[in-house]
Amino acid sequence: MKINILIAGGLYDSQSAYAGLRFSQAAIAAGHSIEQIFFYQHGVSIATQLSVPLADEFDGSGEWAAFAQLHSLPLVVCVSAAERRGVIGAEQQAEHAKQSSNLHPAFSIAGLGALHQASLSSDRTVTFK
């Protein structure tokens with residue numbers, strides 16, 4: 001089964017990032033494939049490279065990045081939700097004349113069309129909010 005993952009809850013205001021990662025790991029272990037992981041609404045906070053979790057806390061961006069690299073999976077961040085929440089890549093930095101970007105290098109930015117396309121090419125879309 002091909003699965004599309006949608007993470008909509010923030011890193012520290014919900015368990016969605018953690019639960020979504022554990023679900024994704026279990027899905028891969030069970031032989032399923034993942035089309036993409038799409039971060040939307042408050043979920044875009046996971047894509048910043050500036051968060052510094054405590055040693056005993058879940059490192060959302062780091063753990064998602066390691067998982068995605070291990071399985072060659074795209075981590076896609078909604079551009080509109082990210083810009084509203086201060087998560088920007090180099091392209092948005094230049095476009096909006098900001099001093100710097102803070103998008104973790106393992107993540108990419110795209111519009112909702114990327115979520116739609118992945119949903120169409122997947123058997124299921126599983127949402128964590």
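- The line from CD1 of Ile34 to CG of Leu73 is 5.5 Å long, rounded to the nearest 0.5 Å.
- Taking the six-membered ring where tryptophan is involved, the planes of Trp64 and Phe39 are perpendicular, since the angle between them exceeds 60° and thus also 30°.
- Surrounding CD of Glu91 are at most 12 heavy atoms belonging to other residues, nucleotides or ligands under 6.0 Å away.
- Proximity of Val126 to Phe23: side-chain heavy atoms (C-beta onward) are separated by under 4.5 Å at one or more points.
- In the displayed structure, His104 atom NE2 is contacted under 6.0 Å by more than 12 heavy atoms of other residues, nucleotides or ligands.
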*For Tyr40 and Ile7, run side chain to side chain contact (heavy atoms under 4.5 Å, CB included): C-alpha distance rounded to whole Å, both residues' side-chain angles, the deciding distance at 0.1 Å, then the answer.*
CA-CA 6 Å; Tyr40 186 53; Ile7 307 293; over 6 Å; no

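- Residue His42 holds its NE2 atom at 12.5 Å from CG of Leu11, rounded to the nearest 0.5 Å.
- Heavy-atom contacts from other residues, nucleotides or ligands closer than 6.0 Å to CD of Glu57 number more than 12.
- Closest of all the heavy-atom pairs between Gln92 and Ile109 is OE1-CD1, 3.3 Å.
- Hydrophobic clustering (side-chain heavy atoms under 4.5 Å, transitive across Ile, Leu, Val, Met, Phe, Trp, Tyr) keeps Leu6 apart from Ile46.
- The two residues Ser100 and Ile88 have their closest heavy-atom pair at O-CD1, 3.3 Å.
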*Check step by step if side chain to side chain contact (heavy atoms under 4.5 Å, CB included) holds for Gln15 and Arg22.*
CA-CA 11 Å; Gln15 291 292 313; Arg22 297 303 177 243; over 6 Å; no

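- More than 12 heavy atoms of other residues, nucleotides or ligands shown are found within 6.0 angstrom of CZ on Phe58.
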Under 3.5 Å, side-chain donor or acceptor atoms of residues 110-120 against the rest of the protein: list the pairs with distances, not counting sequence neighbours.
{"unit_1": "Ser119", "atom_1": "OG", "unit_2": "Asn4", "atom_2": "ND2", "d": "3.2"}
{"unit_1": "Ser119", "atom_1": "OG", "unit_2": "Leu115", "atom_2": "O", "d": "3.0"}
{"unit_1": "Ser119", "atom_1": "OG", "unit_2": "Thr125", "atom_2": "OG1", "d": "3.1"}

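- Among all heavy-atom pairs drawn from Ala90 and Ser101, the shortest one is N-CB, 3.8 Å.
- One finds the CD atom of Gln41 at 9.0 Å from the SG atom of Cys78 (value rounded to the nearest 0.5 Å).
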_Before you tell me yes or no, could you show the steps for Glu63 and Phe67 under side chain to side chain contact (heavy atoms under 4.5 Å, CB included), namely the whole-Å CA-CA distance, both residues' side-chain angles and the distance that decides it to 0.1 Å?_
CA-CA 6 Å; Glu63 289 199 38; Phe67 174 73; over 6 Å; no

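- One side chain, Ser121 or Glu35, offers a donor N or O that lies under 3.5 Å from an acceptor on the other.
- A distance of 9.5 Å separates CD of Glu83 from NZ of Lys98, quoted to the nearest 0.5 Å.
- Separation of atoms OH (Tyr12) and OG (Ser51) is listed at 5.0 Å; rounding is to 0.5 Å.
- Panel note: side chain Asp123, backbone Met1; no donor-acceptor pair is recorded below 3.5 Å.
- None of Val76, Val44, Thr127 except one satisfies the side chain to side chain contact (heavy atoms under 4.5 Å, CB included) rule with Phe38; the exception is Val76.
- Scanning all heavy atoms of the two residues, the minimum distance from Ile3 to Ala27 falls at CD1-CB, 3.9 Å.
- Remark: Thr48 OG1 to Leu103 CG distance equals 8.0 Å, nearest 0.5 Å.
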*List the steps, then state whether side chain to side chain contact (heavy atoms under 4.5 Å, CB included) holds for Lys129 with Ser16.*
CA-CA 5 Å; Lys129 185 155 171 111; Ser16 69; 5.5 Å; no

